[in-house]
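The structure presented is a predicted model; accordingly, all values stated were derived computationally and were not measured.
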Amino acid sequence: MANIYIWNFPQLEVYNQFAGQEQVVYTIHWTLTGTSDTTPPVSQQIYGSLNITYTAGDPFTPYADLTYDQVQGWTLDALGQDRVTELQATLDQQIANIINPPTANLPPPWAS
């Protein structure tokens, strides 16, 4: 079973003005969704947010020109590969537990 992972960025928090720039992103809200390749597919989601810092003089992209790929890159860089791998493993386990539940709720054996 191979799961597919999709990042989404539902909200970006910005300073209206910061370090000589306008609409500078300082918090990225993200979701990571894992979906199984089974039929029917099973999906699970993790939500998080992270703070990023713009330093005056660093390359700057105006807010209106930001792309999904750029924000995803910031997110992956800030989280680091070890954390991304951990998040994916968490989703893998959640999906596996839905497909093959490790526990069950059963009536007492004496109940008819």
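In the model, Asn3 has no side-chain atom that pairs as donor or acceptor with a side-chain atom of Ser36 under 3.5 Å.
Annotation: side chain to side chain donor-acceptor pair (under 3.5 Å) contacts involving residues 96-106, sequence neighbours excluded, comprise Gln93-Asn97. The side chain to side chain donor-acceptor pair (under 3.5 Å) pairs that include a residue from residues 67-76 are Thr61-Gln70, where partners are two or more places apart or lie in different chains. Sorted by first and then second residue, the pairs that involve residues 10-19 and meet side chain to side chain donor-acceptor pair (under 3.5 Å), not counting sequence neighbours, are Glu13-Tyr26, Glu13-His29. Among residue pairs with one or both ends in residues 85-112, none qualify as ring pair (Phe, Tyr, Trp, His ring centres under 6.0 Å); sequence neighbours excluded.
The hydrophobic cluster containing Phe9 also contains Tyr5, counting ILVMFWY residues as joined when their side-chain heavy atoms lie under 4.5 angstrom apart, directly or transitively. Hydrophobic clustering, with ILVMFWY side chains joined whenever heavy atoms are under 4.5 angstrom apart, keeps Leu76 apart from Tyr47. The hydrophobic clustering, which links ILVMFWY residues whose side-chain heavy atoms are closer than 4.5 Å, places Val24 and Ile28 apart.
Under the side chain to side chain donor-acceptor pair (under 3.5 Å) criterion, Thr35 pairs with Ser43, sequence neighbours left out. Scored by the side-chain contact (heavy atoms from CB on, under 4.5 Å) test, Asp58 finds Tyr54, Thr55 as partners (sequence neighbours excluded). For Gln44, the side-chain contact (heavy atoms from CB on, under 4.5 Å) partners two or more places apart in sequence, or in a different chain, are Leu91, Gln94, Ile95, Ile98. Under the rule for a salt bridge (Lys or Arg N to Asp or Glu O under 4.0 Å), the partners of Glu86 that lie at least two apart in sequence or sit in another chain are Arg83. In this structure, Thr53 has no side chain to side chain donor-acceptor pair (under 3.5 Å) partners at least two apart in sequence or on a different chain. Applying the side chain to side chain donor-acceptor pair (under 3.5 Å) rule to Gln45 yields the partners Thr33; only residues at least two apart in sequence or on another chain are considered.
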Check your understanding: Does the pair Leu32 and Ile6 meet the rule for a side chain to side chain contact (heavy atoms under 4.5 Å, CB included), with working shown?
Key -> CA-CA 6 Å; Leu32 178 59; Ile6 298 177; 6.0 Å; no

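Contact record, Leu12 with Val71: CD2-CG1, 4.1 Å, taken as the closest heavy-atom pair. In terms of heavy-atom proximity, Trp30 sits nearest to Ile46 at CZ3-O, 3.6 Å. Here the shortest heavy-atom pairing between Phe60 and Gln23 reads CZ-O, 4.2 Å.
Using a 4.5 Å heavy-atom threshold, the side chains of Trp7 and Thr31 count as separate. Side-chain contact between Leu79 and Leu50: present, with at least one pair of heavy atoms (C-beta onward) separated by less than 4.5 Å.
Between the CG atom in Asp82 and the CG atom in Leu87 there is a gap of 11.0 Å [rounded to 0.5 Å]. Rounded to the nearest 0.5 angstrom, Asp92 CG and Thr90 OG1 are separated by 8.5 Å.
Through side-chain heavy atoms spaced under 4.5 Å, either directly or across other Ile, Leu, Val, Met, Phe, Trp or Tyr residues, Leu106 is tied to no other residue.
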